[in-house]
Amino acid sequence: MTHHHVLIIGSGPAGLTAAIYAARANLAPLVIEGEPSSTSDQPGGQLMLTTEVENFPGFPAGIMGPDLMLRFREQAQRFGAEFLTEKVTAVDLSVRPFNVSVRNTEYTADAIIVSTGAQSLMLGLEEESRLLGHGLSTCATCDGFFFRGQEIAVVGGGDSALEEASFLTKFASKVTLVHRRDSLRASKIMQDRALSNPKIQPMWNTVVERLVGTDKLEGALVRNLVTGETSTLPVTGLFVAIGHRPNTDLFRGMLDMAESGYLITKPDSSYTNIEGVFACGDVQDDTYRQAITAAGSGCMAAIDCERWLENQH
Ligand code: NAP
């Protein structure tokens, strides 16, 4: 059992910024950064699944997502942050110091910063795990380039789906927007932009039932929910854009969360309902979900944490 002043769970822009600030405040944080093999808990967070990041200030020529996260990590290490490349398996926030388990190893901490992020929702089809990265994608920015001149589809009817569909018309010859209802959830401006784009064709009241292809996607079997008719869309790319899910299962029953699972923080702070536990980044933000806002809230969490610890002594 090892004890740390501050333990940071998660290593996306929020967790690593918290690590930089906590380390520079001499708190020697331990960052439990996640598991490389996992799609939801990979070290570096969602930016590890991205290619070029063009909107992170300070990089006028853009930077690749994984390179950006490596830089964050190096900066935190430079000031003494330690890293554990594992996944937290359980937490006990009812004891002091707090207890965090990583399989059979226990860690204790005076304060915890939760920055476990969020992940893309999937359709739940059997073929998804096989075809993810082989025609099936959850990130238009990452993978759009691979579909130049090809016919693709986007699933969903919210802002994400319409944003992705519009973006993908830069590459694809045709984008079919597959939506399960006959009206969109997306904002009016996004609807107008997407539906007036001649490359985007909406397919209403339709769900994807099966993905066709062994090693790479060759089509999608779709069903019209009104007529019951099925057909195969001859697409080589399918982008699932049906929302995100925060990684908060570990904290259920302990930390206050919204019905959607996002952690609730006190206004204008990173304080959760448990004193000494702070939350930052996408795990508590379903509005902005940007690397820069996550980083900003990571900074807030480290400062809140430092001040809280100071008041304990
Ligand atoms: P969302 O608003 O929850 O929309 C999810 C969409 O996916 C809905 O149209 C939903 O259909 C559909 N869907 C959900 N589960 C499905 C399933 N199993 N099969 C088929 N379709 C399914 O999620 P989002 O688009 O990711 O947006 C999340 C939040 O981020 C929103 O507040 C949004 O405004 C915001 N956002 C903003 C921007 C922007 O302003 N630039 C960009 C992206 C996201 P139903 O409509 O039938 O429920």
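Here, residue 1 is the first one in the sequence, and each next residue gets the next number. Start at 1 and go down the list; that is how both ligands and their atoms are numbered. For clarity, every value in this text was computed on a predicted model and none was experimentally measured.
- Listed by chain and residue number, nothing satisfies the salt bridge (Lys or Arg N to Asp or Glu O under 4.0 Å) test with Asp268 (two or more places apart in sequence, or in another chain).
- The closest protein non-hydrogen atom to atom 27 (O) of ligand 1 is Ser160 OG, 3.7 Å.
- Every atom of ligand 1 is numbered from 1 in the order shown, and the set under 4.0 Å from a heavy atom of Leu123 is 19 (N).
- For the residue pair Asp110 / Gln312, no side-chain donor-acceptor distance below 3.5 Å is found, with atom types taken as modelled.
- The protein heavy-atom contact nearest to atom 9 (O) of ligand 1 is Gly157 N, 3.0 Å.
- Distance check on atom 31 (C) of ligand 1: every protein heavy atom falls at or beyond the 4.0 Å cut-off.
- Listed by chain and residue number, Phe239 satisfy the ring pair (Phe, Tyr, Trp, His ring centres under 6.0 Å) test with Phe147 (two or more places apart in sequence, or in another chain).
- In terms of protein heavy atoms, atom 42 (C) of ligand 1 is closest to Glu163 OE1, 3.5 Å.
- Gly243 CA, 3.7 Å is the protein heavy atom nearest to atom 23 (O) of ligand 1.
- Taking only non-hydrogen atoms, the option from Arg180, Arg185, Arg181 nearest to atom 20 (C) of ligand 1 is Arg180.
- Side-chain atoms of Lys216 and Thr236, non-hydrogen and from C-beta on, never get closer than 4.5 Å to each other.
- Remark: minimum distance from atom 35 (C) of ligand 1 to any protein heavy atom is reached at Arg289 NH2, 4.0 Å.
- Remark: Arg24 qualifies as a cation-pi partner of Phe79 under the 6.0 Å distance and 45° angle criteria applied to the six-membered ring.
- In the candidate list Leu162, Val155, Asp159, Ile242, Ile242 is nearest to atom 5 (C) of ligand 1, counting heavy atoms.
- Judged by the 6.0 Å distance and 45° axis criteria, Arg148 is not positioned over the aromatic ring of Phe146.
- Side chains of Phe98 and Thr108 form no contact here, defined as non-hydrogen atoms less than 4.5 Å apart.
- Note that atom 15 (N) of ligand 1 has protein non-hydrogen atoms nearby, at separations under 4.0 angstrom.
- For the pair Val114 and Phe278, the minimum side-chain heavy-atom distance is 4.5 Å or more.
- For Val207, the closest heavy-atom approach to ligand 1 does not fall below 4.0 Å.
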